Amino acid sequence: MKIAITGSKGFLGQYVIKVLEGNTITEFNHEKNSLFSVNSLKDFVTDQDAVIHIAGLNRATDYNLLKTNVLGTAGILEAIKQFNPKIKFIFTSSAQVLDIKNLYGVSKLEAEEIIEWYTKLTEISGIILRISNIYGPKGKPFYNSVIATFAHLIQENKPLQINGDGNQKRDYIFVSDVAEAIKSALYCNNKFEIFDICSNTQTSLNDIIEISSRLLGKNIAVSYNKEVPSLGDAHIQSFKRAQEILQWEPKISLEEGLRQTFI
């Protein structure tokens, strides 16, 4: 299979490249390609069987979030429409679209709506993966996940900083499981689908600290700022549809994932 990938050098992208070994991969080239120039994307999308769009921002100015996540997605879809309209388009979205609390969630939801419109108006097939809190080795602290931040602070022998009481819960999914979900999505023949890519389990920050402390065999210093309220629990997701249609389910437990991340 011929597959073009944006964001291949990023945290998730590196794992996707690995699980797709054996396929013909075209990586986005920032010297030649721009998400905001349709003509520059002609060589990137032509003769491909699928485009996996991972590139995006989650920490940036409001303007750059909207520009990259919304207009960048529209740019690559327009290039596909013009130069290779029968292609499959796979988009890595976020569980934050289910309970929008910031502009990042807005930008991902807007991108999803644009994808749906293109699948209705063109021959493009669109697969959207709403990924929960992704973590694993090589995650960027203060960017990719709270677990990456915890790993960094623990390594630096610095206390973990938590807003609220630490009982707020999220669904955490290991990065290699997400890469496998993207691989599975390549073989979905439906015209348009949205899948939750998650663990089906809500885990509190305090539970993560307890598991991490046990794995590392030491107490972990924690500083709670209870004057700053937490964002509350995340929206509950289910991978049932991904299991039924993609034959995908997560393989790495939270404890095993933390072991691989911290040790």
Side-chain angles (χ1 to χ4, degrees), residues 4-17 27-38 40-41 44 51-80 89-118 126 128-153 161-163 168 170-173 175 178-179 182 194 197-198 205 225 228-232 234-235:
I5 305 178
T6 70
S8 59
K9 298 294 192 294
F11 173 48
L12 173 58
Q14 295 177 62
Y15 284 83
V16 172
I17 292 291
E27 298 184 56
F28 190 89
N29 185 332
H30 289 275
E31 294 182 359
K32 297 192 307 181
N33 310 130
S34 169
L35 295 176
F36 315 113
S37 171
V38 171
S40 79
L41 295 167
F44 181 67
V51 170
I52 300 173
H53 185 35
I54 302 172
L57 296 176
N58 61 14
R59 298 278 193 281
T61 64
D62 291 350
Y63 173 75
N64 284 331
L65 274 176
L66 292 171
K67 179 182 177 183
T68 300
N69 295 349
V70 180
L71 295 182
T73 302
I76 200 164
L77 284 164
E78 184 60 25
I80 292 169
F89 183 77
I90 297 172
F91 178 67
T92 56
S93 187
S94 168
Q96 292 195 40
V97 303
L98 300 169
D99 185 20
I100 292 176
K101 295 178 178 176
N102 53 43
L103 201 59
Y104 172 72
V106 171
S107 71
K108 284 294 191 179
L109 184 59
E110 289 295 323
E112 287 190 7
E113 292 175 350
I114 291 169
I115 294 165
E116 185 172 9
W117 271 107
Y118 269 86
I128 293 170
L129 305 179
R130 288 176 173 168
I131 303 167
S132 64
N133 290 262
I134 185 172
Y135 74 99
K138 300 181 182 179
K140 288 183 182 179
F142 309 103
Y143 189 84
N144 285 131
S145 74
V146 67
I147 291 176
T149 302
F150 282 4
H152 169 76
L153 292 172
Q161 308 289 330
I162 294 178
N163 291 332
Q168 56 267 40
R170 299 285 185 274
D171 183 303
Y172 297 93
I173 184 77
V175 61
V178 178
I182 292 171
I194 299 176
I197 303 302
C198 58
L205 293 178
N225 187 355
V228 178
S230 74
L231 294 177
H235 185 92

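Everything quoted here is computed from the prediction, not taken from an experiment. Worth knowing before you read on, the calculation uses all heavy atoms, side chains too, and leaves out hydrogens, waters and symmetry mates.
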Test ring-ring contact (aromatic ring centres under 6.0 Å, His included) applied to [X] - qualifying residues, sequence neighbours left out:
X: F44; result: F28
X: Y143; result: none
X: F150; result: none

Heavy-atom check, side chain of [X] versus side chain of [Y], under 4.5 Å:
X: Y15; Y: V178; result: no
X: L66; Y: L103; result: yes
X: V175; Y: Y135; result: no
X: Q168; Y: I162; result: yes

Heavy-atom closest contact (K108 atom, S93 atom, distance):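 Looks like CB-OG, 3.9 Å.
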
Exercise: identify the closest heavy-atom pair between A95 and S132: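 Result for this residue pair: CB-CA, 4.0 Å.
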
In chain order, what residues pass the salt bridge (Lys or Arg N to Asp or Glu O under 4.0 Å) check against E112, with sequence neighbours excluded?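 Salt bridge (Lys or Arg N to Asp or Glu O under 4.0 Å) list for E112, sorted by chain: R130.
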
Assess the residue pair L153 and F142 against the criterion (side-chain contact (heavy atoms from CB on, under 4.5 Å)); give the C-alpha distance rounded to whole Å, side-chain angles, the decisive distance to 0.1 Å, and a yes or no. CA-CA 10 Å; L153 292 172; F142 309 103; 4.1 Å; yes

Check against side-chain contact (heavy atoms from CB on, under 4.5 Å), N144 and I134: CA-CA 7 Å; N144 285 131; I134 185 172; 5.9 Å; no

Consider only side-chain N and O atoms of Q96 and N102, and report whether a donor and an acceptor are under 3.5 Å apart.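 Yes.
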
If the condition is side chain to side chain donor-acceptor pair (under 3.5 Å), which residues does Y104 pass it with, not counting sequence neighbours?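 With neighbours one apart ignored, the set is empty.
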
Would I131 and I173 satisfy side-chain contact (heavy atoms from CB on, under 4.5 Å), going step by step from the backbone distance to the final call? CA-CA 8 Å; I131 303 167; I173 184 77; 4.0 Å; yes

Looking at H30, is its backbone amide N or carbonyl O close enough to the side chain of S34 to form a donor-acceptor pair, meaning the two atoms are under 3.5 Å apart?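 Answer holds: no.
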
What pairs of donor and acceptor atoms, side-chain ones from residues 6-13 against any protein atom, are under 3.5 angstrom apart with sequence neighbours left out?
from, atom 1, to, atom 2, distance (Å)
T6, OG1, H53, ND1, 2.7
T6, OG1, I54, N, 3.0
T6, OG1, A55, N, 3.1
S8, OG, E27, OE1, 2.6
K9, NZ, E27, OE1, 2.7

